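Following: one structure in structure tokens, then a few remarks.
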Amino acid sequence: MRTDYCGELRADDIGREVSVCGWVDRRREHGEHLAFIDLRDRTGVVQCVVDERHDLRSEYVARVTGTVRARPDGTANPTLATGEVEVGDCQVEVLSAAEPPPFPLHSRTEVDENVRLRYRYVDLRGERLQRNLSLRAAVNSAIRRSMEAQRFTEVETPMLVASTPEGARDFVVPSRLHPGRFYALPQSPQIFKQLCMVGGIDRYYQIARCLRDEDLRADRQFEFMQLDAEASFAGQHDVMAFITEAVFAAVEATTGNRPADPITMSWTDAMERYGTDKPDVRFGLELVELTGLFEGTEAKVFQVECVKGINCKGGGGSLGRNAVDELTRKCRQWGAKGLAWFRVGGNGALDGALTKFMSDAEQAALGPAMGAEPGDLLLLVADRRQTVRDVLGLLRLELGRPPVTEGGLHFVWVTDFPLFESIDDQGRPISAHHPFTMPHPEDVGLLDGAGEELLAVRSQAYDMVLNGWELGSGSVRIHRPDIQRAVFRALGIGDDEAEERFGFLLDAFRYGAPPHAGFAFGIDRLVAILAGEENIREVIAFPKTQSGADPLSNSPTPISDRHLDELGLHVLPPPAAG
RNA sequence: GGUCCCGUGGUGCAGUUUGGAGUGCACGCCGGCCUGUCAAGCCGGAGGUCGCGGGUUCAAAUCCCGUCGGGACCGCCA
């Protein structure tokens, strides 16, 4: 049916008789007979010169047979890859007529996403999604090649698994053969890949679909793809090297360049300097520690556990009172009591509502501590340390985060995460990762502590961050029963509970578990950044909206009573409004 | 669970602040003219429940309340 792709015809092809197939991208008619038809397929467009009358309209599907020829002098189109040639003496065969598209396919107008999703099959024809999906395919392919070159074996793990109470909310699937019982769709292949290690697979990988029933965001869908990997007889640095190699192979395959080596930063450093565990190091505006400067201060707002600030360079002039009020409002929404701000005057003196509560020494020290120059705006938050970090971390992004397409690719490995993220009401620690994460070897002794002391225990867990996006995380897993017992004891998990929740994994470890470590990273996010998209929906063929619906297929839908009966399910009426 | 933004012919917008006839722009669509265009050009035309419901008013796209849909974010995502 077809001899060539539209977008691949070149001067070399002049004189050849070709058949091309595709969609009518655009037509330009001149009188009753002559028309220029731009025929489009996934490779691009080629101009076809049609001399007979044809009813060819936008998005008609056609097969055109003709002779490739040079365009007449002065009519070549240098903006087009096929611009030196055209297909002449065309015979046209309409393969499908088409209604006018529900929205323009070219990228000059940003069409409402709901409309694009309802007609996703039309949207997919556009240059943007064609480019993004082929980039995605190239990333997947490069990752597979890289993992295989590093002697990882691809293993497929089940989609219907046992529900576990930890972590994200599960999607559940009712069992027909076991009424009243449910499978869960996997949040990740975590348990299975560790079982693979016990099973001697040695190095496992999978480009795995993972599902979590949590609220959607620009960087989160219900279902997403991860490069999931685990290696036996390997530690943190081995795994970081494997993953860096796979990610860099994907970047190189799609951009042609190998990125700069990742920097490594401890979790504590990331939190103190960037206010987040996923630092975007493309820009400055780092958090400055000011707690010591305000020690013994008279100013009540600064008599707190922690004071930190951001120097918004030049913000004294560029940000007016309304803008600063808006920032204050946001800081309150993020959990701060307020935002203290000072404009730096021409002589370096500070101007702000709080100066009257501060000593001369404090006023004199604040500017130099923050590297202030005339015209800067100093933004301070005082509160519990965790609140200060969180709020200033968000404020920093608000003030300076560049668009995804700017600033290059800055990879960061964040290491030495705490083993426990916080202490609950009963004084028990809450796992930061999962309870099989190996503590830092220097901190194993601290596991016998209690309460707040446990928060000092570091773990051998590590995240890969790219331009402020958390690409993924991994850890060294506990394979020694004594350490596992100590962690469970710290978490307040008794033997019976451990058996009930994680029994089959613990059983497996009794039969010869190699030391192992692993990682998983989100392919959607990596592809989005490489594609210059702020939103992973732009790199997913059929994504869901923020409310978890698919405007194309109308999922989720009700199911029939007969179907429910078969599953032994009864649907309650929705809770009454009000 | 919460905060904020958006909803006007097929598409993108203006109009909403300060209520006064569905007013306007660009693209697309339909018809006509046009033999070297390429975002073709020129002429003409069609196309509207201003998301939906209620309220205020002589009068609502515009003000108020509610609701639905979309988006960004907080919570949530071990």
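Worth saying up front: this structure is predicted, and the values here are computed from it rather than measured. The figures here come from the full heavy-atom set of this structure, side chains too, leaving out hydrogens, waters and symmetry mates. Residue numbering restarts at 1 for every chain, and letters A, B, ... go by the order of the sequence lines.
The side chain to side chain contact (heavy atoms under 4.5 Å, CB included) check on A/Gln130 picks up A/Arg42, with sequence neighbours excluded.
In this structure, of B/rG69, B/rG12, B/rA72, it is B/rG12 that holds the atom nearest to the side chain of A/Val111. When distances are taken from the side chain of A/Arg329 to each of B/rC29, B/rU3, B/rC38, the shortest belongs to B/rU3. Listed candidates were B/rU35, B/rG12, B/rG31. Nearest to the side chain of A/Arg57 is B/rG31. You'll find that the side chain of A/Leu34 is closest to B/rU35, out of B/rG75, B/rU35, B/rC38. Taking only side-chain atoms of A/Pro72, from C-beta outward, the nucleotide of B/rU11, B/rC76, B/rG36 with the closest atom is B/rG36. The side chain of A/Leu394 lies closest to B/rC74 when the candidates are B/rA72, B/rC74, B/rG75. The listed nucleotides are B/rC77, B/rG71, B/rG12; the one nearest the side chain of A/Glu113 is B/rG71. For A/Ala218, counting side-chain heavy atoms from C-beta on, the closest listed nucleotide (B/rA72, B/rC38, B/rG70) is B/rA72.
Note on A/Asp325 versus A/Arg321: salt bridge recorded, some NZ/NE/NH1/NH2 to OD/OE distance being below 4.0 Å. The existence of a salt bridge linking A/Glu398 and A/Lys330 is confirmed by a sub-4.0 Å separation between a basic side-chain nitrogen and an acidic carboxylate oxygen. A salt bridge links A/Glu110 with A/Arg128; the closest basic N to acidic carboxylate O contact falls under 4.0 Å. Between A/Asp13 and A/Arg10, no side-chain nitrogen of the basic residue sits less than 4.0 Å from a carboxylate oxygen of the acidic one, so the salt-bridge criterion is not met. Comment: A/Arg458 engages A/Asp443 in a salt bridge, judged by a side-chain N to carboxylate O separation of less than 4.0 angstrom.
Residue contacts for A/Arg525: at a heavy-atom cut-off of 4.0 Å it reaches no nucleic acid atom on any strand shown. Residue A/Ser58 is classed as a sugar-phosphate contact, given heavy-atom separations below 4.0 Å to backbone atoms only. Counting non-hydrogen atoms under 4.0 angstrom, A/Asn77 reaches a base of the nucleic acid. Using a 4.0 Å heavy-atom distance criterion, A/Pro104 is classed as a sugar-phosphate-only contact. Contact annotation for A/Ala461: no contact, since no heavy-atom pair falls under 4.0 Å across all strands. Residue A/Gln187 is classed as having no contact, given no heavy-atom separation below 4.0 Å to the nucleic acid. Residue A/Asp213 is classed as having no contact, given no heavy-atom separation below 4.0 Å to the nucleic acid.
When both distances must be under 3.5 Å, the Watson-Crick or G-U wobble mate of B/rA40 does not exist. Both distances falling under 3.5 Å, in either a Watson-Crick or a G-U wobble arrangement, occur for no nucleotide opposite B/rU35. When both pairing distances are held under 3.5 Å, B/rC4 makes a Watson-Crick or G-U pair with B/rG71. With both pairing distances under 3.5 Å, B/rG28 is matched to nothing as a Watson-Crick or G-U wobble pair. Within the shown strands, nothing qualifies as a pairing partner of B/rU17 under the Watson-Crick or G-U definition with both distances less than 3.5 Å. Searching all strands for a Watson-Crick or G-U wobble partner of B/rU57 with both distances below 3.5 Å returns nothing.
Between the base of B/rG36 and the side chain of A/Glu86 there is a donor-acceptor pair shorter than 3.5 Å. A donor and an acceptor atom never sit less than 3.5 Å apart when one is taken from the side chain of A/Arg537 and the other from the base of B/rG71. In this model, no side-chain donor or acceptor of A/Arg332 finds a partner on the base of B/rC74 within 3.5 Å. Between the side chain of A/Arg212 and the base of B/rC77, no donor-acceptor pair under 3.5 Å is found. With hydrogens and angles left out, the side chain of A/Asp215 and the base of B/rG75 share a donor-acceptor pair within 3.5 Å. One N or O donor and one acceptor, one from the side chain of A/Gln47 and one from the base of B/rU37, sit under 3.5 Å apart.
A sub-4.0 Å separation between OP1 or OP2 of B/rA40 and a side-chain N or O of A/Arg28 is present. Here A/Ser547 does not reach the OP1 or OP2 of B/rG69: none of its side-chain N or O atoms lies under 4.0 Å away. Under 4.0 angstrom from either OP1 or OP2 of B/rC74 there lies at least one side-chain N or O belonging to A/Arg217.
Using atom C1' as the reference point in both B/rU3 and B/rG75, the two lie 11 Å apart (nearest Å). A gap of 33 Å separates the P atoms of B/rU17 and B/rG1, to the nearest Å. The gap from the C1' atom of B/rC25 to that of B/rC63 amounts to 27 Å, rounded to the nearest Å. Across B/rG7 and B/rC13, the matching P atoms stand 9 Å from one another, rounded to whole Å. Taking atom C1' in both B/rG20 and B/rA60, the straight-line distance is 10 Å, to the nearest Å. B/rA61 and B/rG54 have their P atoms separated by 14 Å, given to the nearest Å. Look at the P atom in both B/rG53 and B/rU62: the space between them is 12 Å, to the nearest Å. Taking atom C1' in both B/rG45 and B/rA39, one finds a spacing of 23 Å when rounded to whole Å.
With RNA chain B read from its 5' end, the first of the two nearest nucleotides for A/Val115 and A/Arg169 is the one closest to A/Val115. Heavy-atom nearest nucleotides on RNA chain B were determined for A/Ala432 and for A/Thr545, and the one closer to the 5' end corresponds to A/Thr545.
Stacking is found between A/Phe36 and the pyrimidine-like six-membered ring of the B/rU37 base under the 5.5 Å centre-distance and 30° plane-angle cut-offs.
Protein atom CG of A/Leu80 is 20 Å distant from nucleotide atom P of B/rG36, rounded to whole Å. Rounded to whole Å, the distance from CG on A/Asp219 to P on B/rA72 is 9 Å. At whole-Å resolution of the value, CZ in A/Arg26 and C1' in B/rG36 are 17 Å apart.
Between A/His516 and A/Phe509, the ring-plane angle classifies as perpendicular under the 30° and 60° cut-offs. Below 30°, between 30° and 60°, or above 60°: for A/Tyr462 and A/Phe519 the angle between ring planes is below 30°, a parallel geometry.
Stacking of A/Arg212 on the aromatic ring of A/Phe224 is not recorded, the 6.0 Å distance cut-off and the 45° axial limit not both being met.
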